[in-house]
Every structure is written in C-alpha cells, then in structure tokens.
Amino acid sequence: MDDINVLQHRCLLNLRRRIRDVGDGRPAQERYMRLQKSGDTLSYQGNSEEVGCYVAGHPLSKGNCYFEVTIVETGVRGTIAVGLVPKFYRLDHQPGWLPHSVAYHADNGKLYNGNPVGQQFGPKCARGDRIGCGILSENIKAGLSKVFFTKNGKEVGSVEVPVSAEGLFPAVGMHSLGEEVKVDLQAEWLLEEGDSMMMVDSHEDDWGRLYDVRVSGVLLEYVGKGKSIMDVGLAQARQPLTTRCHYYEVEIVDAGEKCFIALGLARRDYPKNRHPGWSRGSVAYHADDGKIFHGSGVGDAFGPRCFKGDIMGCGIMFPRDYILDGEGDADDCERLEFRPTPAAVQNVLYLNDEEDDEEDGDDQEQDQDGRKVTVFFTRNGKLIGRREMVVPPGGLFPTVGMLSSGEKVKVDLHPLSG
C-alpha cells in the first residue's frame, strides 16, 4: 500500500503540474540568464564574476532520457557545467551547487551533487568534447533517481539523486568570458536488448572521416557554422560500397534552416569542404533542389526535392562479372526503371571557385582508366534515376554532406546487405 500511495501522490503532483503548464494554453518555457541563445548554441554574456545558467523547458522523461552538450569554446576558464536541476532552479548558481541538483563540471572533472563542494568524478573536458547526462532508473519507493554522465559517448559514472515531483530538467552553467556550447536535447541513447541499462552506440567506427558532423548512434548532426559554401560538414563511411553491400539510405530527421543535405558516393580523398558531387570522383543527389551533381558545381535536374521524413537512397549496380576484394556477383538490379535527366542548371550555392580540372566530372572520367558502374538514387523506396561513373582507386565511399544549422539525418549503411 505504501508503494501505491507514493505512486498516486506523484501522479497527482504531475497532473497538477500539467494543468498549471498547459491549462492557460502556454507551453513550458526554457529559462536562462547571463547567456545568449541562438538556436541550439549558448554563449556566456556575464562579466566572469557571475554565473550564467540555462534550464530547459521540459524535464527528462522515459521517452527522452538523455541530452548532450558539445563544448565549442572553453573561454577564459572553461567553467562549464552540465547536469539536471529542479524546474525553478536559481539561475545565478551553477548546476549542482544547490540541493536537488547534480552536475559534471568540465574545468575540474568534479561532480557537484547539491553542494558547492565537488567530488572527484571524471576527466576534465576541453574544446570539442561532448558531455552527456541522462537518467538510468528511478526508485519511487526510495524517492531516488540514478543519473549518469558521459564524455564523448563513454560513461564516466553515475550517482543517485532525490526525485523531484516535477522532474529533473537539463541544465547548463557557465562562468567565464568566451565560453560557448551547443545543446542537443534530443540526443539518442539505445536500450540494449535484454538489459535494463541504457547505452549509447556511437557508430563512430562506421565513419572514416567526419568534419563538422557529430555522430550520436545512427544520427548525424551538422555542427558547422553554415555561413558559406566552405562550411560544408562531411561524413564519409570507412568502407566503400561492394557487390555484397551495394546500397545505403539516409532519412532526413530535421531539414534545418535550408535542407542543404546531399548523399552520394565519393573517392577516399574527397575534399572535406566540398559537398559530395561538387568535385571530381563523386556523384550526389541534393535534397534542397532535387538535382544531381557529378564532379561539378553545375547540377542537372534529376528528381523531386526532399524534406523532413523523406528517405534518400544511393547504390551501385555492378556488372555481373565485377569482382572487388573477393566479393561475389552483384544482386540483380535490372528491374530498376530509368528516368532520363533534363539539361544542366547552375547551383545557386556554387561560386565557380573550383579549379579548372574539376569543372566537368564526366569529361574527367572519360580520360581515366577504370571500371564503370551505374550509380542509382532512390527517394522513399522509388527509383529516381541513375548515372554511370568510373570507380576510382580504392572504390566509392558513401558520403553525406550538410551545410545549414539544425540539419540531422539517420543513416543506415547496410539496409540490403547479405
């Protein structure tokens, strides 16, 4: 009966909270002080003597039990704190300093659990590091939640903290000039099958090259500036497509500001600041305008534009006698239909600053010795079209490009493997 009474009491408190929050039609509001917020970026705006603090508008929940903070700049002292606090936490205190709050502090690696005196907990964190925080479990009878922290996807440790009737809210604190972070309140954690422990599968080993792109499970997120075409974020797979693994897919989770998302294939040494398709040895389907780019900044009208929720696919139809690294014959792709592509159209993002030897991918490839394959693209499972190209030394690698703030995609590198 005690457990039931406790549960009923918490349910009543939660109901009252929801009525208070939504009864007047107003959504829950995030709170922050001495910080500037631009999208998912927080920057310290104080005088290095006063704390600046951010508290999210919603608490962590069973369906959203984890968040991450990436350190963009450490500023003067790197006094950045990441943790969980009650809803109406004082914004002039670092998370973890006051009762019912807990936080991992980047400058000294200490854990602060409702006390301004910290305990040694984990490594210090610097520019580029990701600090994560989540809830592993709740013990309603004992009134405790088990909170864990991560650094760059690896668990640092955990601690039990008192359960709050209104929940525990993601919080970030900063305390010196120049400090800047990016907050991801939707960071994904996967529940390991047959285990009650939640863990992140970073999938970083799947990617050979990452530039201004953050990996969180199967999610890729653009973290670049997005100010010019030189700010392309690039993710290139570690392994090329083969006759046994000849296709991959990308789902647009968030189109960001302009949906400058491209998927395709590229040579191993592809330039890091070029969208796939813009430079030689690459071909790509671009979501924002539906064009195909083949080794050039001039795109051909190809298919429909793609938006949030759309699944874009790219694969290779290998000749039947094609042998690569001992792989077997290719799958039968002859039933795929072909849709011809209209004339070339100039891409508005491209500034024609590429070197002359990369202006025309088709002409370049005609002069190269190599085996030709047919690259095809799909949208939501339907074939859009295809393009022949020469396989460069080392093969063609799945490559995803992004270029505007907020863009996120889910990648499946092996949907048809086997």
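Note that the coordinates shown come from a computational prediction; the quantities given were computed from them, not determined experimentally. Atom set for the values below is all heavy atoms of this structure, side chains included, hydrogens, waters and symmetry mates excluded. The first residue in the sequence is number 1, and the count goes up from there.
In this view, Asn108 and His105, Lys110, Tyr112 satisfy the side-chain contact (heavy atoms from CB on, under 4.5 Å) rule, not counting sequence neighbours. Not counting sequence neighbours, Glu407 has no partner by the salt bridge (Lys or Arg N to Asp or Glu O under 4.0 Å) test. Residues satisfying the salt bridge (Lys or Arg N to Asp or Glu O under 4.0 Å) criterion with Arg31, sequence neighbours excluded, are absent altogether. Shown here are the side-chain contact (heavy atoms from CB on, under 4.5 Å) partners of Leu177, two or more places apart in sequence or in another chain: Tyr44, Ser48, Val76. Legend: residues meeting side-chain contact (heavy atoms from CB on, under 4.5 Å) with Lys124, ordered by chain and number and at least two apart, are absent. With sequence neighbours excluded, the residues that form a side-chain contact (heavy atoms from CB on, under 4.5 Å) with Ser158 are Leu136, Lys146, Phe148, Glu155. In this structure Glu73 satisfies the salt bridge (Lys or Arg N to Asp or Glu O under 4.0 Å) test together with Arg127, sequence neighbours excluded. Considering only residues two or more places apart in sequence or on other chains, Phe121 meets the ring-ring contact (aromatic ring centres under 6.0 Å, His included) condition with Tyr104, Phe149. By the salt bridge (Lys or Arg N to Asp or Glu O under 4.0 Å) test, Arg268 pairs with no residue at all, sequence neighbours left out.
Other residues, nucleotides and ligands contribute more than 12 heavy atoms inside 6.0 Å of the CD atom of Gln120. The 12-atom threshold is not exceeded at NE2 of His100, counting heavy atoms of other residues, nucleotides or ligands nearer than 6.0 Å.
Between the side chains of Thr70 and Arg130, no donor-acceptor pair of N or O atoms lies under 3.5 Å. Between Glu179 and Thr79, the side chains place a donor N or O and an acceptor N or O closer than 3.5 Å (distance only, hydrogens not considered). Between Thr399 and Gln236, the side chains place a donor N or O and an acceptor N or O closer than 3.5 Å (distance only, hydrogens not considered).
Ionic pairing of Lys87 and Glu166 is not present here: no N-O contact between side-chain nitrogen and carboxylate oxygen is shorter than 4.0 angstrom. Here Arg214 pairs with Asp184 in a salt bridge; the nearest charged N to carboxylate O distance falls below 4.0 Å.
The shortest heavy-atom contact between Ile71 and Ile80 is CG2-CD1, 3.9 Å. Contact between Gly134 and Leu60 at its shortest, heavy atoms only, is CA-CD1, 4.0 Å. In plain terms, the two heavy atoms of Val373 and Pro319 that are nearest each other are CG1-CD, 4.1 Å. Scanning both residues, Val250 and Val409, for their nearest heavy atoms gives CG1-CB, 3.5 Å.
Screening residues 41-61 for salt bridge (charged side-chain N to carboxylate O under 4.0 Å, His left out), with sequence neighbours left out, gives Arg34-Glu50.
Side-chain contact between Lys37 and Tyr32 is present, with heavy atoms from C-beta onward closer than 4.5 Å. Proximity of Leu84 to Val147: side-chain heavy atoms (C-beta onward) are separated by under 4.5 Å at one or more points.
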Show which side-chain atoms of residues 252-266 pair as donor or acceptor with protein atoms under 3.5 Å away, not counting sequence neighbours.
{"unit_1": "Asp254", "atom_1": "OD1", "unit_2": "Gly256", "atom_2": "N", "d": "2.9"}

Please tabulate, for the side chains in residues 308-316, all donor-acceptor contacts under 3.5 angstrom to protein atoms that are two or more places apart in sequence or on a different chain.
{"unit_1": "Asp310", "atom_1": "OD1", "unit_2": "Asn380", "atom_2": "ND2", "d": "3.0"}
{"unit_1": "Asp310", "atom_1": "OD2", "unit_2": "Phe307", "atom_2": "N", "d": "2.8"}
{"unit_1": "Asp310", "atom_1": "OD2", "unit_2": "Arg379", "atom_2": "NH2", "d": "3.1"}

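For the pairing with Met402, the side-chain contact (heavy atoms from CB on, under 4.5 Å) check across Val232, Asp212, Leu220 returns one residue only, Leu220.
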*Evaluate the criterion ring pair (Phe, Tyr, Trp, His ring centres under 6.0 Å) for residue pair His286 and Phe293; output intermediate values, then yes/no.*
CA-CA 8 Å; His286 287 225; Phe293 291 78; 4.3 Å; yes
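Of the possible donor and acceptor atoms, one in the side chain of Thr242 sits under 3.5 Å from a partner among the backbone N and O of Cys245. Panel note: side chain Asp129, backbone Cys125; no donor-acceptor pair is recorded below 3.5 Å. Checking side-chain atoms of Lys182 against main-chain N and O of Val223 turns up a donor-acceptor pair under 3.5 Å.
Atom CE of Met33 sits about 4.5 Å away from atom CG of Asp92, to the nearest 0.5 Å.
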